[in-house]
Amino acid sequence: MSAASLQAASLHRGSSSSSSSSKKIHYASGRSSCRANSARAMKLAYWMYSGPAHIGTLRIASSFQNVHAIMHAPLGDDYFNVLRSMLERERDFTPVTASIVDRHVLAEGSKSKVVEGITRKAAEDLPDLILLTPTCTSSILQEDLESFVENASRNSGMSDVILADVNHYRVNEMQAADRTLEQIVRFYVDKATKEEGYKPKKTKRPSANIIGPTTLGFHHHHDARELKRMLGEMGIDVNMVTPEGGRVTELKHLTDAWFNIVPYRETGLMAAKYLERQFDMPFTDTVPMGILGTNDWITSIQAIVNEQAKALAPEGEEVLIVDFDDYSKRQTLHVSQAAWFSRSVDCQNLTGKRAVVFGDATHAAMMTRILSREMCIRVVCAGTYARHESDWFREQVQNHCDEILITDDNTQVADMIARLEPAAIFGTQMERHVGKRLDTPCGVISSPVHIQNFPLGFRPFFGYEGANQISDLVYNSFALGMEDHLLEIFGGHDTKEVITKELSSADDLIWLDSGIEELGNIPGFVRGKVKRNVEKFARHFNIHEISAEVMWKAKEKAGKF
C-alpha cells in the first residue's frame with residue numbers, strides 16, 4: 001500500500017494534447033485548481049500521486065526535531081501517523097496530534113478545543129514550535145484559526161505557535177511543503193534578526209546549507225548523506241541540513257553559510273529564494289543526479305564558492321580560488337562505476353531500448369536525461385505529475401524524449417504506457433503496478449512509493465554513488481525480463497500457469513482454455529504484447545470469448561502477432 005492510496009483525489013479529470021515540431025506534449029485539462037482540491041476533500045482516492053496540502057505541511061513539521069503539529073480535521077483525516085510509522089525506518093518520531101472536528105465541535109465551535117489542545121501540548125512536551133495545520137474541512141467551516149493561534153500563544157509558555165499559511169484549496173502536498181518550510185524559516189530568521197538583534201556571521205571556511213530533505217521523501221536520508229560526503233571531500237563545510245533532523249531554534253544560523261543547496265525542485269526552493277532576497281545568499285538548484293548531473297552540480301558550486309570568496313575576503317587579502325575539476329575526474333573514473341559501465345558491452349546491449357519515465361519533476365527529469373545522455377536508451381515518453389513545475393520539466397527533457405506527458409491522472413499514464421509498449425518503465429509505485437499488468441519491468445525512481453523504497457542499507461540516488469545505484473536499477477530492470485525468458489526456454493522454472501491465470505483485467509473478455517493454451521506457447525517476452533493485440537481484435541469485432549481460433553484470426557488480420 002502506498003501513501004497516496006489513502007489520500008483524497010480530484011473528481012475532475014481530463015486530457016488534451018498539443019504538439020510541437022519535435023515531439024508531442026500532453027497536458028491534463030480539468031477544472032480550476034480550487035474545484036479540484038475541494039473535490040480532493042470529498043472522495044477517497046483509488047490512486048493519487050500527490051496528496052492534499054496538510055500532508056505536505058505535516059511532513060515539514062515532523063521533519064524537525066522538537067516540533068509538534070496539531071491538525072484540525074475530522075476523524076479519518078488523521079492518517080499521517082500511520083503513513084510515517086509504516087514507511088519510515090526510524091526508531092522514534094514525534095506523532096502528529098489531531099484536533100478532531102466532531103458533531104459537538106460543529107455545534108459549539110472549535111475555539112476552546114483547539115486552544116486547549118495547543119496549551120496542553122506546550123505544557124506536556126515543551127516543543128520549540130507548535131504548528132497548527134488547517135485542512136479543507138476547517139476551511140469549509142470558515143473557522144478563524146488565526147485568532148485561535150493568537151489566544152493559544154499567550155498560554156503556550158516558551159513554545160512558539162504558528163498557523164500554517166497554506167491555502168488548502170489551491171495547492172497540493174508538494175507546494176504546501178515548500179510553502180510551510182519557507183514560512184518557518186522566515187519566522188525564525190526574522191525573529192532572530194529583529195527581536196534578538198542577531199547578525200549573520202559568515203564562516204571562515206566555505207560552507208553550505210542543504211535545504212529540502214524531509215521525512216517520507218524518496219531516499220532523502222541517503223541523498224543527504226552522500227552530498228555531505230562529497231562536500232567534505234571538496235573542503236566545504238555543511239552548516240545545516242534542514243528540515244530533516246534540524247532544530248527550528250537553529251534556523252537563524254542558516255545565514256552564516258556562504259550559499260544554499262536545493263537538490264529537490266519540490267521542497268526548499270521558496271526558502272532559498274527568500275534567503276537570497278533578504279540576505280543576498282546565492283543558491284544552486286542544479287540536481288546532482290547521474291554522472292553528468294553531478295558534474296554540473298560541482299561546477300555550479302565551484303562558481304558560487306569562488307564568487308563568494310571574492311565578496312567575503314577582507315580588503316587586501318589574497319583570495320583562494322578553488323578548482324574541483326580534478327575531483328570530478330577522480331570521482332568519475334575511480335569512485336563511480338557508472339561511467340565505466342556505460343561503455344561496457346552490458347550497457348551497450350541496452351542501446352536503443354525503449355523506456356517510459358514518469359514521476360515527480362526532479363527525479364523524472366533527471367532520469368530521462370541519464371537514460372538519454374549516459375546510457376543511450378530511447379525515452380519514448382517522459383512525464384511528471386508536478387503540474388506546477390511543468391515549464392521547468394519541459395525545459396529539462398525536451399531534447400531527450402519523444403513525447404512529454406504532464407498529468408496527475410494515473411489512468412492517462414497507464415494508457416500511455418500500454419500504447420507505447422516500452423521495454424521498461426521507470427516511475428512510481430503506481431507505474432510498477434501497471435508494469436505488472438503488462439508484463440513490463442519497472443524500476444521505482446520517485447514517490448509515491450512502497451515500504452521497499454525506504455531501504456535500511458545505503459542507497460542514495462544523488463552523487464557518484466547514486467549514479468552506481470541508478471545504473472544497477474536500469475540494468476536489472478531490463479536484464480531480468482530477458483532472464484525470465486531464458487529460464488522459461490531452458491526449463492529453469494515453469495511460469496506459464498502463473499502468467500495465464502491473470503491474463504486480462506478486462507471484464508468484457510473471457511479467455512477459453514484453448515486460447516490460454518495457445519497463448520502459453522508464445523515466448524514470455526512478447527506474450528503481453530500478443531495478448532493485448534488479440535484483445536483489441538476481439539473488442540473491434542465484438543467477440544467476448546477468446547479461443548485459439550480467435551487468436552489465429554487475429555494473427556491473419558494483423559499479418560503477425
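Quick caveat: nothing in here was measured; it's all calculated off a predicted structure.
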Does the side chain of [X] reach to within under 4.5 Å of the side chain of [Y], using non-hydrogen atoms?
X    : Y    : answer
V185 : M270 : no
V305 : M234 : no
E88  : H221 : yes
R179 : V171 : no
D128 : Q65  : no
T57  : F80  : no
E226 : F458 : yes
I301 : I261 : yes

Heavy-atom closest pair, residues [X] and [Y]:
X    : Y    : value
V166 : A176 : CG1-CB, 3.7 Å
E173 : R59  : OE2-NH1, 2.9 Å
L231 : V238 : CD1-CG2, 3.8 Å
N209 : L254 : ND2-O, 2.8 Å
G268 : I211 : CA-CG2, 3.7 Å
M71  : H54  : SD-CD2, 3.4 Å

*Check whether more than 12 heavy atoms from other residues, nucleotides or ligands sit under 6.0 Å from atom CZ of R225, and answer yes or no.*
no
_How about NZ on K273, more than 12 heavy atoms from neighbouring residues, nucleotides or ligands closer than 6.0 Å, or not?_
no
*Apply side chain to side chain contact (heavy atoms under 4.5 Å, CB included) to the pair I162 and F187, showing each step before the final yes or no.*
CA-CA 9 Å; I162 298 178; F187 178 86; 3.5 Å; yes
*May I have all residue pairs that pass ring pair (Phe, Tyr, Trp, His ring centres under 6.0 Å) and include part of residues 222-246, sequence neighbours excluded?*
H219-H222
*Output every pair passing ring pair (Phe, Tyr, Trp, His ring centres under 6.0 Å) with a member in residues 266-297, not counting sequence neighbours, ordered by first then second residue.*
none
Report yes or no: does [X] contribute a side-chain atom to a donor-acceptor pair with the main-chain N or O of [Y] at less than 3.5 Å?
X    : Y    : result
R369 : Q396 : yes
S159 : P127 : yes
T203 : R205 : yes
D256 : P200 : no
R84  : S62  : yes
E266 : T362 : yes
K199 : T193 : no
E389 : A361 : no
D223 : F461 : yes
D360 : S446 : no

*I would like to know whether E431 and T428 meet side-chain hydrogen bond (donor to acceptor under 3.5 Å, both in side chains); could you show each step before the answer?*
CA-CA 5 Å; E431 282 68 56; T428 72; 2.5 Å; yes
*Please check if the distance between the ring centroids of F462 and Y264 is under 6.0 Å.*
yes
Working to the nearest 0.5 Å, report the span between [atom1] of [X] and [atom2] of [Y].
X    : Y    : atom1 : atom2 : value
W258 : M281 : CH2   : CE    : 12.0 Å
I406 : R387 : CD1   : CZ    : 9.0 Å
K202 : N239 : NZ    : CG    : 9.0 Å
T133 : I60  : OG1   : CD1   : 11.0 Å
F426 : L473 : CZ    : CG    : 6.0 Å
W392 : L269 : CH2   : CG    : 10.0 Å

*What's the verdict on side chain to side chain contact (heavy atoms under 4.5 Å, CB included) for D178 and Q175, showing C-alpha distance, side-chain angles and the deciding distance?*
CA-CA 5 Å; D178 200 20; Q175 294 168 293; 5.8 Å; no
_For E395, give me all partners under side chain to side chain contact (heavy atoms under 4.5 Å, CB included), at least two apart in sequence or on another chain._
none
_CA sep, side-chain torsions, deciding dist, call: R186, Q183, side-chain hydrogen bond (donor to acceptor under 3.5 Å, both in side chains)_ = CA-CA 5 Å; R186 181 192 295 268; Q183 181 186 3; over 6 Å; no
*Applying side-chain hydrogen bond (donor to acceptor under 3.5 Å, both in side chains), run through T411 and D409 and close with a yes or a no.*
CA-CA 6 Å; T411 60; D409 185 346; 2.6 Å; yes
*F218 vs H363 aromatic rings, parallel, tilted or perpendicular, using cut-offs 30° and 60°?*
perpendicular
*Check step by step if side chain to side chain contact (heavy atoms under 4.5 Å, CB included) holds for V413 and V434.*
CA-CA 9 Å; V413 181; V434 173; over 6 Å; no
*Could you walk me through whether T214 and S63 pass the side-chain hydrogen bond (donor to acceptor under 3.5 Å, both in side chains) check?*
CA-CA 6 Å; T214 69; S63 295; 4.7 Å; no
*asked:* Taking the basic N atoms (NZ, or NE/NH1/NH2) and the acidic carboxylate oxygens, is any pair closer than 4.0 Å for K121 and E124?
replied: yes
*Would D408 and N172 satisfy side chain to side chain contact (heavy atoms under 4.5 Å, CB included), going step by step from the backbone distance to the final call?*
CA-CA 11 Å; D408 55 7; N172 59 29; over 6 Å; no
